Asker: 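Mind having a look at this structure? Questions to follow.
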Amino acid sequence: QVQLVESGGGSVQPGGSLRLSCAASGTIFNIYVMGWYRQAPGTQRELVATFTRSGATNYADSVKGRFTISRDNAKNTVYLQMNGLKPEDTAVYYCKLLQSGGTYWGQGTQVTVSS
């Protein structure tokens with residue numbers, strides 16, 4: 001089993017910054033994808049930013065230039081630095097890990113951007 005623990009969400013004003021963290025523990029091997037998705041009320045969960053197995057990154061067009069995904073392989077942790085936050089970034093942010101043993105999701109962390 002794999003556990004994903006997210007942290008770093010909160011409330012900020014437009015233009016502000018937040019940094020999310022996701023620490024993975026348990027039986028981890030052959031990670032294919034690890035990264036961040038989000039879901040706003042009444043919408044489908046969507047990709048925000050991910051790492052592939054090769055280390056390549058993939059970003060949603062709406063966050064390019066504002067968000068940066070990074071990782072610490074030794075700690076099995078991924079981060080999402082979010083700058084220039086907009087009200088439309090308001091959502092629950094979920095960490096996802098896809099590996100040979102299956103797909104795992106974190107519990108989600110709320111990000112609210114409002115003046």
Side-chain angles (χ1 to χ4, degrees):
Q1 278 291 352
V2 173
Q3 296 78 43
L4 301 175
V5 178
E6 301 134 333
S7 60
S11 296
V12 294
Q13 293 186 339
S17 298
L18 286 172
R19 187 186 192 218
L20 306 183
S21 299
C22 172
S25 62
T27 305
I28 300 168
F29 60 98
N30 291 336
I31 295 176
Y32 295 130
V33 175
M34 188 170 181
W36 296 93
Y37 288 68
R38 69 186 180 187
Q39 187 168 19
T43 69
Q44 291 187 330
R45 195 170 296 187
E46 63 178 5
L47 179 145
V48 177
T50 58
F51 274 109
T52 66
R53 185 173 184 178
S54 67
T57 55
N58 186 27
Y59 290 92
D61 288 342
S62 60
V63 307
K64 285 180 180 177
R66 299 188 298 123
F67 292 9
T68 302
I69 189 170
S70 61
R71 64 184 180 179
D72 184 333
N73 289 333
K75 297 180 179 179
N76 288 320
T77 299
V78 292
Y79 306 94
L80 185 67
Q81 178 66 44
M82 304 185 293
N83 298 327
L85 283 160
K86 304 176 181 180
E88 51 264 42
D89 295 318
T90 296
V92 178
Y93 284 67
Y94 296 91
C95 180
K96 173 184 175 180
L97 187 153
L98 170 63
Q99 63 175 25
S100 296
T103 302
Y104 302 89
W105 293 92
Q107 80 284 359
T109 185
Q110 177 70 45
V111 171
T112 302
V113 185
S114 174
S115 56

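Just so it is clear, the structure is predicted and the values come from calculations on it, not from any experiment. Numbers here are sequence positions counted from 1.
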Asker: Could I get the full list of side-chain hydrogen bond (donor to acceptor under 3.5 Å, both in side chains) partners for R66, not counting sequence neighbours?
Answerer: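 Only D89 meet the side-chain hydrogen bond (donor to acceptor under 3.5 Å, both in side chains) criterion with R66.
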Asker: Applying side-chain hydrogen bond (donor to acceptor under 3.5 Å, both in side chains), can you list everything that pairs with S7, at least two apart in sequence or on another chain?
Answerer: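 side-chain hydrogen bond (donor to acceptor under 3.5 Å, both in side chains) list for S7, sorted by chain: empty.
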Asker: Hey, does C22 have a side-chain heavy atom less than 4.5 Å from the side chain of M34?
Answerer: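 The answer is yes, as the side chains (C-beta and beyond) meet within the 4.5 Å cut-off.
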Asker: Return the orientation label for the W105 and Y94 ring planes: parallel under 30°, perpendicular over 60°, tilted otherwise.
Answerer: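 Ring orientation, 0 to 90° scale: perpendicular.
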Asker: Just wondering, do Q1 and Q3 contact through their side chains at under 4.5 Å, heavy atoms?
Answerer: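 Contact flag for Q3/Q1 side chains = yes.
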Asker: Does some side-chain heavy atom of T68 sit less than 4.5 Å from a side-chain heavy atom of Y79?
Answerer: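 In short, these two side chains do not touch, never coming nearer than 4.5 Å.
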Asker: Does atom CD of Q44 have more than 12 heavy-atom neighbours, drawn from other residues, nucleotides or ligands, at distances under 6.0 Å?
Answerer: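 Atom CD in Q44 is not crowded, with 12 or fewer foreign heavy atoms closer than 6.0 Å.
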Asker: If only atom types and distance count, is the side chain of T50 paired as donor or acceptor with the main-chain N or O of G35 below 3.5 Å?
Answerer: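 Absent.
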Asker: Roughly how far, to the nearest 0.5 Å, is the CH2 atom of W36 from the NZ atom of K96?
Answerer: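 If we round to the nearest 0.5 Å, K96:NZ and W36:CH2 are 14.0 Å apart.
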Asker: Have Y32 and R53 got a donor and an acceptor in their side chains that come within less than 3.5 Å?
Answerer: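 R53 and Y32 do not have a side-chain donor-acceptor pair below 3.5 Å.
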Asker: Of all heavy-atom pairs between N83 and S17, which one has the smallest distance, and what is that distance?
Answerer: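 In this case the closest contact between N83 and S17 is OD1-OG, 2.9 Å.
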Asker: State, with a plain yes or no, whether a side-chain heavy atom of I31 is found less than 4.5 Å away from one of R71.
Answerer: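 I31 does not reach R71 side chain to side chain.
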Asker: Apply the side chain to side chain contact (heavy atoms under 4.5 Å, CB included) test between F67 and each candidate in L85, L18, L20; give the one that qualifies.
Answerer: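 With F67 as partner, side chain to side chain contact (heavy atoms under 4.5 Å, CB included) holds for just one option, L85.
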Asker: Do T112 and S114 pair up side chain to side chain, a donor and an acceptor below 3.5 Å, judged on atom types alone?
Answerer: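 Looking only at side-chain atoms, S114 and T112 do not form any donor-acceptor pair under 3.5 Å.
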